[in-house]
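Remember, it's 1-based here, ligands and their atoms both numbered in the order they're listed.
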Amino acid sequence: MANVDFRPLMEKEDAGLIGETGLQRKSDVIVIGAGAAGMMAAIRAGKRGRSVVILDHARAPGDKIRISGGGRCNFTNIHAGPKNFLSANPHFCKSALARFTPADFIAMVDRHGIAWHEKTLGQLFCDDSAKDIIRMLLAEMRMAGAVLHLGTEISGVEKTEAGFRVSTSEGHCEASSLIVAAGGKSIPKMGATGFAYRLAEQFGLAVLETRPALVPLTLDPGLLESIAPLAGIAAPAEIRHGRTAFREALLFTHRGLSGPAVLQISSYWREGDEVVVSIEPDIDIAAHLKTAKQLNGRQSPQTALGDILPKRLAQFLVEREKISGNMADLPDKALLRLAAGVQNWAVKPSGSEGYRTAEVTLGGIDTAALDSRSMEAKAVPGLYFIGECVDVTGWLGGYNFQWAWASGFAAGECV
Ligand code: FDA
């Protein structure tokens, strides 16, 4: 059992949390996965007096929390509601989200004296470090009497008369309830294996198609070559896919398009589809160009556009429309074409960067197989699935952690 990386996150008094005397053979609840959802479930179940063993093959708990939000963890979103989640059944998440709200998580953060701030759009971040959230969850698990076993590989799960038997690299353990919180497929380098989906299938639960989400989109080589000079440029944008649109920053990269607006739309985009990009959507570019022509006809269009956009981007857009000459020389039709190139750019991504960089996995365990109040499998009493492995995927901005906390709490409340 390895716990080397875990120690620096612990308070002295957390030492009792690690199962150091070998795997506890029997408990009320086994949780597989010490990520956001699993830790919250362990806390809630433990506080309700259940004996809880939490198993993880990683060397440290909450690895994704540690790297989240650029190291500051965007731990919730004060506006989180069912509309911010994608799922084959958009109603499924309602019950859990209503019973553990952003205010409930903020109250826990405040109890632990963790300073936080709202960055933008209701997104709450730690002032200092995401590790504060991990420390908080570990302290809460200690108070709840949960026992954590890290570096523990799961080799099999069986249903028994009394509940479940889990075979691991440290021996086997049994419990009447099993909560699966093993996450999705995103970032395989960090140990994401798709384990939860295989386990669901083993017990006959349907798993809906999974795909990388909140992920940068790639462009085909020809288009990529033409936008290569823009790599590193960011601009406010609106990106549309059908009737869905997000207004956030767009970032040009060496592989294609990224930034929050692109990550958001990636959850809706499918291969072969176009997205429509509007740069600086709050500014009427056509009106700006017409005014610039009237006020300073000797200006170049690059300069006029460069008043609003980064210079390199302005130059690229003017060259792409093959527009030359001074503003005074340009017919209004040319200015409108240029404006449309800025604010109505239809682009067909060739793909996405995949699970390697995706923040989450879209799809997953079919919610039709689960009870929305408890997350328990309807056909397998005592078996629960929570967090990212379930077909509930949040927007970018703290929503996915809110789902992890809320679904974890829901299961912990019912085991
Ligand atoms: P999570 O993946 O956190 O935990 C699963 C646990 O199960 C892991 O500890 C893993 O080791 C363990 N496990 C997996 N397979 C196992 C096996 N076979 N045996 C034993 N253990 C196993 N969201 C948000 O709301 N705000 C943010 O700021 C960010 N930022 C962010 C940045 C980056 C880079 C990524 C990749 C993701 C985010 N997210 C995010 C998304 C967020 O991290 C994600 O939604 C939650 O971590 C999901 O929590 P879970 O507990 O379901 O899975």
Side-chain angles (χ1 to χ4, degrees), residues 2 5-6 30-42 53-77 80 84-85 102 105 116 119 121-126 130 133-134 137 148-157 166-170 179-199 212-216 260 263 267 353 355-362 364-365 375 384-390 392-409 411:
D5 296 337
F6 176 48
I30 296 170
V31 181
I32 299 180
M39 288 198 275
M40 181 57 85
V53 165
I54 175 163
L55 311 171
D56 201 302
H57 63 177
R59 288 157 58 88
D63 262 346
K64 282 200 181 153
I65 300 175
R66 185 174 47 77
I67 61 160
S68 68
R72 290 218 160 87
C73 186
N74 177 192
F75 55 80
T76 191
N77 191 301
N84 308 113
F85 294 85
F105 194 76
W116 54 268
K119 198 169 168 189
L121 303 170
Q123 302 168 4
L124 305 191
F125 285 76
C126 297
I133 298 294
I134 304 177
L137 295 168
L148 175 62
H149 291 270
L150 295 164
T152 303
E153 299 292 337
I154 315 292
S155 50
V157 175
V166 179
S167 304
T168 81
S169 51
E170 310 299 317
I179 301 179
V180 183
K185 296 181 181 172
S186 49
I187 323 271
K189 216 171 65 188
M190 293 186 75
T193 57
F195 171 85
Y197 309 123
R198 290 196 298 280
L199 200 62
L214 300 184
V215 64
L263 300 191
S267 300
E353 289 189 8
Y355 289 117
R356 189 179 61 80
T357 61
E359 287 203 6
V360 284
T361 307
L362 193 69
I365 295 158
M375 306 290 134
Y384 299 75
F385 289 90
I386 57 173
E388 188 177 328
C389 64
V390 177
V392 174
T393 306
W395 289 358
L396 185 79
Y399 302 102
N400 284 296
F401 278 137
Q402 188 56 37
W403 170 248
W405 315 135
S407 59
F409 185 90

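The side-chain heavy atoms of I365 and Y197, taken from C-beta on, include a pair separated by under 4.5 Å. Taking the side chain as every heavy atom from C-beta outward, S68 and F401 approach each other to under 4.5 Å. Looking at F125 and C73, their side chains never come closer than 4.5 Å, going by heavy atoms from C-beta outward. With contacts defined as side-chain heavy-atom distances shorter than 4.5 Å, the pair T361/T393 does not qualify. A heavy-atom distance below 4.5 Å is not found between the side chains of I386 and V180. Looking only at side-chain heavy atoms (C-beta outward), L396 and N74 stay at 4.5 Å or farther from each other.
Contacts of F105 classified as ring pair (Phe, Tyr, Trp, His ring centres under 6.0 Å), with partners at least two apart in sequence or in another chain: F75, W405.
Of the listed residues (V31, V53, I54), just one forms a side chain to side chain contact (heavy atoms under 4.5 Å, CB included) with L148, and that residue is I54. Checked against I32 for a side chain to side chain contact (heavy atoms under 4.5 Å, CB included), the options T152, I179, V157 give a single hit: V157.
Closest heavy-atom contact between A196 and G183: CB-O, 4.0 Å. Nearest heavy atom pair, residue P102 against residue N77, reads CG-O, 3.3 Å.
When only non-hydrogen protein atoms are considered, atom 40 (C) of ligand 1 lies nearest to F401 CE1, 3.8 Å. Scanning the protein heavy atoms around atom 20 (C) of ligand 1, the nearest turns out to be H57 N, 3.3 Å. For atom 45 (O) of ligand 1, the nearest non-hydrogen atom of the protein is N400 CB, 3.3 Å. Counting only heavy atoms of the protein, atom 51 (O) of ligand 1 lies nearest to A37 N, 2.9 Å. Given atom 34 (C) of ligand 1, the protein heavy atom at minimum distance is I67 CD1, 3.5 Å. Protein heavy atom in closest approach to atom 53 (O) of ligand 1: G183 CA, 3.5 Å. Among all non-hydrogen protein atoms, the one lying nearest atom 12 (C) of ligand 1 is D56 OD2, 3.2 Å. Distance from atom 39 (N) of ligand 1 to its nearest protein heavy atom, with residue and atom name: E359 OE1, 3.8 Å.
Using modelled atom types, one finds a donor on one side chain and an acceptor on the other under 3.5 Å when comparing S186 with E388.
Ligand 1 places these atoms under 4.0 Å from at least one heavy atom of N74: 24 (C), 25 (O), 26 (N), 27 (C), 28 (O). Each of the atoms 19 (N), 20 (C) of ligand 1 lies under 4.0 Å from some heavy atom of I154. Taking every non-hydrogen atom of G387 and a distance limit under 4.0 Å, the qualifying atoms of ligand 1 come out as 52 (O). Per-residue contacts place G33 under 4.0 angstrom from the following atoms of ligand 1 (heavy atoms of the residue considered): 6 (C), 7 (O), 12 (C). Those atoms of ligand 1 with a heavy atom of A58 less than 4.0 angstrom away are 11 (O). When each atom of ligand 1 is checked for a heavy atom of G35 under 4.0 Å away, the hits are 3 (O), 4 (O), 6 (C), 9 (O), 51 (O). Shown in contact with T193 at under 4.0 Å from a heavy atom are these atoms of ligand 1, numbered in order with element: 15 (N), 18 (N).
Polar contact with ligand 1: absent for I386 (N/O pair, distance under 3.5 Å).
Although no hydrogens or angles enter the test, the distance criterion places a donor-acceptor pair under 3.5 Å between the side chain of S155 and the main chain of S167. Put simply, the side chain of D56 gets close to the backbone of A34: a donor and an acceptor are under 3.5 Å apart.
Using 4.0 Å as the threshold, D63 has no heavy atom nearer than that to any atom of ligand 1. Taking 4.0 Å as the cut-off, G398 counts as a neighbour of ligand 1 on heavy-atom distance.
Heavy atoms of I187 found under 4.0 angstrom from ligand 1 belong exclusively to the side chain. At a 4.0 Å heavy-atom cut-off, ligand 1 touches V360 through the side chain alone. Only the backbone of Y399 comes within contact range of ligand 1, with a heavy atom under 4.0 Å; no side-chain atom does. Under 4.0 Å from ligand 1, the heavy atoms of A181 that appear belong solely to its backbone.
Proximity annotation for atom 52 (O) of ligand 1: of Q123, K185, E388, H149, E388 comes nearest, heavy atoms only.
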